[in-house]
Amino acid sequence: MKRPVLVLATAALATVGALTGCGSTHVTGSGSAPAPDPQASASISKMQQEAQERWQREIAEADLKFPEVAKLCTGKSTVPPTPVATAGGEGGTNPENSKYAENHAYLQMATLTESQRCRGEAHAARITAAAAKNTPADETQARTLMTGLAYPGAVLSAYGDGVHFTLSVPGSGGCLTGVLSGAGRIEVHGAYLEGGCERPRGGH
């Protein structure tokens, strides 16, 4: 699955320390930190700039396709999100809490910006309204519904209480996960740091 641009940019930020350390010279016993590798730093900066430019292009394209969403969310903060752990509880001094957080680290998500949350909620409202008028009974009907709403890339799965879906919000970097019904059962959330909007499989 195509990873949201903002998640890729976040991953680039996370690798700065590792890359800058690779070309450094360590002096045993000197007590001083290794000097950063200028070439690695320049490479990271270029990656960040390219990701930001691509993200801005995707937002512009999405705004043209979904003008009603753009109208609602223009002016909202677009500060890039910082990844945080959302799967585990507070670590504190309890080793069991730390162990739980470690085992569920694969469920960490990127934090949504104000703009991402606004866009996600606006798209969720569009989908809910359409599903309320014509609730799909199977994946074929759900595909027709989502394609008609301009979400051809939605991942669909019919089971249990209806047709479930996962969607990368156009031009946002955020995600929608829920059930196609008129009940508004859609969650707006950040992309998983492992990549994509679908809940990853993992843990210990």
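Hydrogens, waters and symmetry mates play no part in the numbers below; they use all other heavy atoms, side chains included. When a residue number appears, it is its place in the shown sequence, counting from 1.
- The CG atom of Leu193 lies 9.5 Å from the CE atom of Met109; values are rounded to the nearest 0.5 Å.
- Contact check for Tyr192 versus Gln108: no side-chain heavy atoms found under the 4.5 Å cut-off.
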What pairs of donor and acceptor atoms, side-chain ones from residues 173-189 against any protein atom, are under 3.5 angstrom apart with sequence neighbours left out?
unit_1 : atom_1 : unit_2 : atom_2 : d
Thr177 : OG1    : His189 : NE2    : 2.7
Ser181 : OG     : Ala183 : N      : 3.3
Arg185 : NH2    : Asp161 : OD2    : 2.1

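- Within the 4.5 Å cutoff, the side chain of Cys197 has heavy atoms near those of the Ser168 side chain.
- With values rounded to the nearest 0.5 angstrom, Gln48 atom CD is found 11.0 Å from Glu50 atom CD.
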Cut-off 3.5 Å, no hydrogens considered: what does the side-chain donor-acceptor table look like for residues 131-139, sequence neighbours left out?
unit_1 : atom_1 : unit_2 : atom_2 : d
Thr135 : OG1    : Ala131 : O      : 2.6
Asp138 : OD1    : Thr140 : N      : 3.2
Asp138 : OD1    : Gln141 : N      : 2.8
Glu139 : OE2    : Ala158 : N      : 3.3

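- Remark: Glu114 engages no residue in a side-chain hydrogen bond (donor to acceptor under 3.5 Å, both in side chains) (not counting sequence neighbours).
- With rounding to the nearest 0.5 Å, the separation of NE2 in His164 from OH in Tyr159 is 4.0 Å.
- By the side chain to side chain contact (heavy atoms under 4.5 Å, CB included) test, Glu53 is found to be paired with Gln49, Arg57, residues two or more places apart in sequence or in another chain being considered.
- Scanning both residues, Pro200 and Glu194, for their nearest heavy atoms gives CB-OE1, 3.6 Å.
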message = If you apply the rule side-chain contact (heavy atoms from CB on, under 4.5 Å), what do you find for Met146 with Leu156, and how did you get there?
response = CA-CA 10 Å; Met146 296 301 273; Leu156 304 172; 4.3 Å; yes
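- Taking OG of Ser115 as the reference point, atom CZ of Arg119 lies at 4.5 Å (rounded to 0.5 Å).
- Taken to the nearest 0.5 Å, the SG atom of Cys118 stands 11.5 Å off from the CG atom of Leu112.
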Under 3.5 Å, side-chain donor or acceptor atoms of residues 121-129 against the rest of the protein: list the pairs with distances, not counting sequence neighbours.
unit_1 : atom_1 : unit_2 : atom_2 : d
His123 : ND1    : Tyr151 : OH     : 2.6
Arg126 : NE     : Glu68  : OE2    : 2.8
Arg126 : NH1    : Leu149 : O      : 3.2
Arg126 : NH1    : Tyr151 : OH     : 2.7
Thr128 : OG1    : Ala124 : O      : 2.9

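- Listed by chain and number, the residues in a side chain to side chain contact (heavy atoms under 4.5 Å, CB included) with Ala150 are Lys65, Phe66 (sequence neighbours excluded).
- In this structure, Glu198 and Val155 have side chains that are in contact, with non-hydrogen atoms separated by less than 4.5 Å.
- Between Val163 and Ala142, the shortest heavy-atom contact is CG1-CB, 3.5 Å.
- The structure places SG of Cys73 at 8.5 Å from CG of Asp63, a figure rounded to the nearest 0.5 Å.
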